[in-house]
Protein chains: 2
Amino acid sequence: MELELPPSLGVYGNEKIAKDILSRIWGKRGVFTCTVANTRTSTIPGVSDAGDTPELTMFTPAADAEILISGKVSCMKGIPINPGGIPTPATLTKAALELSSMPYYIVNGGCEVIPYVPYFDMGGECGEKIITGKSVKNVRTEYEKGYMLGEMLARAYDFVVISESVAGGTTTALAVLMAMGVLKENLVSSSSPNNPKELKSKLVSEALKAAGIEPGELKDDPLRAIECVGDPMMPANIGILCGAAKSVPVIVGGGTQMAAVMAGAVALHPELVGNFFQGTTRWLMNDPNSSMSRIMDCISDSIPIVYVNVDYGSSPYEGLQAYEWGFIKEGVGCGGASVGAIIESAGRITHEDLEAKVHEIYKGIMGF
Amino acid sequence: MELELPPSLGVYGNEKIAKDILSRIWGKRGVFTCTVANTRTSTIPGVSDAGDTPELTMFTPAADAEILISGKVSCMKGIPINPGGIPTPATLTKAALELSSMPYYIVNGGCEVIPYVPYFDMGGECGEKIITGKSVKNVRTEYEKGYMLGEMLARAYDFVVISESVAGGTTTALAVLMAMGVLKENLVSSSSPNNPKELKSKLVSEALKAAGIEPGELKDDPLRAIECVGDPMMPANIGILCGAAKSVPVIVGGGTQMAAVMAGAVALHPELVGNFFQGTTRWLMNDPNSSMSRIMDCISDSIPIVYVNVDYGSSPYEGLQAYEWGFIKEGVGCGGASVGAIIESAGRITHEDLEAKVHEIYKGIMGF
């Protein structure tokens with residue numbers, strides 16, 4: 001009997017594969033992970049809006065981890081906001097995790113600002129600016145430990161969700177995708193409706209030059225591409241994806257940032273295609289200034305995108321309504337956690353439940 | 001209907017509480033953790049046999065973690081052995097974990113030699129020799145992160161197993177138990193039938209003096225006792241125990257080393273008594289040179305000890321038969337993992353299954 005998708009979920013891409021995977025995990029047990037990491041690329045003015053100022057972007061990943069695990073931030077004052085004051089999507093991730101039974105773990109891909117939570121250490125370090133051409137240390141270690149972690153999680157769960165919180169991560173993703181030749185133009189997103197595309201393209205161009213790489217030269221060597229111009233979340237997440245998807249389906253939670261992770265996994269383990277899909281939000285799919293679907297078309301025709309139809313249009317809070325105007329859109333695995341929660345509850349959890357829960361959490365976090 | 005204990009399990013102490021807890025978790029889902037840590041105390045000649053030489057004892061915890069997670073050791077040549085050549089009890093732990101469905105995670109309490117595995121980082125550091133009187137840094141951090149981890153694990157599982165691999169840990173346990181006044185004499189065990197009791201007692205006496213503590217002075221302050229004369233596994237495991245036992249039963253896997261963990265938890269959260277028991281081996285309970293039961297009598301009359309009746313008497317290998325002669329006895333949570341496996345399988349797994357599996361693993365690890 002074919003699975004019927006609830007209205008809270010939409011699918012882009014290979015529907016047959018999507019439904020196959022979904023039916024295998026519908027109502028089953030999942031685990032959520034979020035890999036947090038820093039790249040100094042985010043401190044370049046104009047690159048990242050995932051923080052009130054360029055300097056504060058370095059605190060966002062740790063703060064997001066603290067919100068998820070302990071409900072309060074200790075590494076900085078307040079909570080991560082974009083320059084306009086819109087709060088981090090960790091609020092939506094937290095709502096999904098609280099509604100669902102999924103356990104959730106933080107993975108430290110390489111942080112300068114360390115979250116005050118227990119996290120899986122992957123042997124990574126903070127990433128350097130991509131314009132150095134020498135961005136990430138310990139890539140192979142992170143990949144191998146990620147692989148072990150993926151295997152461990154797959155042993156215990158029916159599906160695994162991976163995700164990220166890395167300010168500046170769409171820029172590093174663009175750089176890695178261009179080094180691999182997966183992208184030939186800048187299609188990545190931004191947490192702002194004013195996506196600083198030219199700046200990102202220019203930085204990526206400088207980065208590839210500094211690394212001595214021609215675009216497309218590293219088609220088969222994603223780990224080297226990451227080492228040169230990526231960020232430390234990537235090798236850990238590629239590892240987890242590959243180690244887990246050997247045995248159980250994986251939901252790749254995130255937006256254009258996770259495209260580099262998926263492209264890397266496809267290059268290293270093409271046999272895994274068909275056992276993972278991307279889990280994201282309606283806002284990302286509707287982004288007029290980027291194209292996750294076009295990026296995906298460049299990676300594979302067999303990785304579906306499953307998105308949650310969450311809608312903040314009726315929200316009394318501007319900081320949430322702003323998502324409808326193109327701000328934020330994704331992050332901290334909010335799409336993947338939402339999709340995972342819906343799947344694990346066999347559709348009992350709806351986007352309305354998520355919206356209600358987000359408002360409860362948002363009020364609490366903002367002190368309303 | 002009262003639960004009937006299978007022959008593979010025995011109980012010491014409060015049988016009523018033991019059966020209450022067992023019936024609540026019988027056939028349910030558990031998770032196994034092992035907290036590895038270093039204390040330079042283990043390098044004092046004569047203190048620890050958990051390694052071929054005093055220096056090699058620093059590698060044992062990391063190697064044990066690698067055996068559990070990846071089946072092979074990378075931090076040293078060969079596998080941890082005692083000076084007589086008897087291999088680490090990680091072989092028994094691994095057997096139990098492979099037979100059961102329990103997921104298993106390594107926690108890094110504070111290692112000098114770091115295992116090449118993904119582990120939960122607790123913010124700890126390698127412990128100093130107890131005779132400095134300033135043994136452990138970041139105690140409160142480790143406790144708090146342990147507490148968060150305990151809560152996270154309890155969310156996802158019906159019971160949680162904690163355990164340790166810390167060479168020199170019976171000496172640090174004795175020191176903490178004397179600082180807290182729980183013990184007034186040396187009752188701790190050793191991995192050798194020749195338990196270096198006098199040496200340990202002398203070191204503990206020096207340690208308390210260096211810390212400026214009278215025996216019994218820190219009855220209500222286990223964390224300070226650990227900071228002065230403990231090891232970095234302790235605050236992490238006390239945290240996990242307290243964070244988890246709030247919601248689900250906990251099996252405290254280990255021998256006399258874990259006595260300090262239990263005593264610490266009882267001092268900080270006496271209300272949790274009744275929701276955890278010790279999980280260990282028949283060898284530890286039969287040790288003529290120590291007395292886990294007498295130590296437990298000093299901690300509480302409401303923490304039962306459940307032990308696995310595993311027997312290597314018919315083993316063709318001396319390195320396993322030696323357990324029957326008083327060597328090793330416990331470690332790396334082999335008792336807790338075995339008890340957990342039996343519980344999770346509702347008694348389907350027996351001590352004979354464990355013995356058979358250990359021999360398979362032992363052959364593989366030793367290259368027979």
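Proteins come first, then strands; the chains are lettered A, B, ... in the order of their sequence lines, and each starts at number 1. Any value given below was found using the heavy atoms of this structure, including those in side chains, with hydrogens, waters and symmetry copies removed.
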Proximal component of A:Leu149, with respect to chain B [non-hydrogen, under 4.5 Å]
both
Name the region of A:Tyr104, side chain, backbone, both or neither, that has any atom closer than 4.5 Å to a heavy atom of chain B.
both
Are the side chains of A:Glu66 and A:Phe59 in contact, using a 4.5 Å heavy-atom criterion?
no
Is the closest side-chain heavy-atom distance between A:Ser135 and A:Thr39 below 4.5 Å?
no
Members of residues 115-123 of chain B whose heavy atoms come closer than 4.5 Å to chain A:
B:Pro115, B:Tyr116, B:Val117, B:Pro118, B:Tyr119, B:Phe120, B:Asp121, B:Met122
Can any side-chain N or O of A:Asp231 pair as donor or acceptor with the backbone N or O of A:Gly127 at less than 3.5 Å?
no
Which value, rounded to the nearest 0.5 Å, describes the distance between A:Lys137 atom NZ and A:Glu128 atom CD?
5.0 Å
Are A:Asp64 and A:Ser165 linked by a side-chain donor-acceptor pair shorter than 3.5 Å?
yes
Which heavy-atom pair separates A:Asn237 from A:Ile162 by the least distance, and what is that distance?
O-CD1, 3.8 Å
Which heavy atom of A:Lys94 sits nearest a heavy atom of A:Ile361, and at what distance?
C-CD1, 3.6 Å
Most heavy-atom pairs under 4.5 angstrom with chain A, which of B:Ser70, B:Pro103, B:Ala236?
B:Pro103
Who pairs with A:Lys246 by salt bridge (charged side-chain N to carboxylate O under 4.0 Å, His left out), at least two apart in sequence or on another chain?
A:Glu151
Heavy-atom distance under 4.5 Å to chain A: side chain of B:Tyr147, backbone, both or neither?
neither
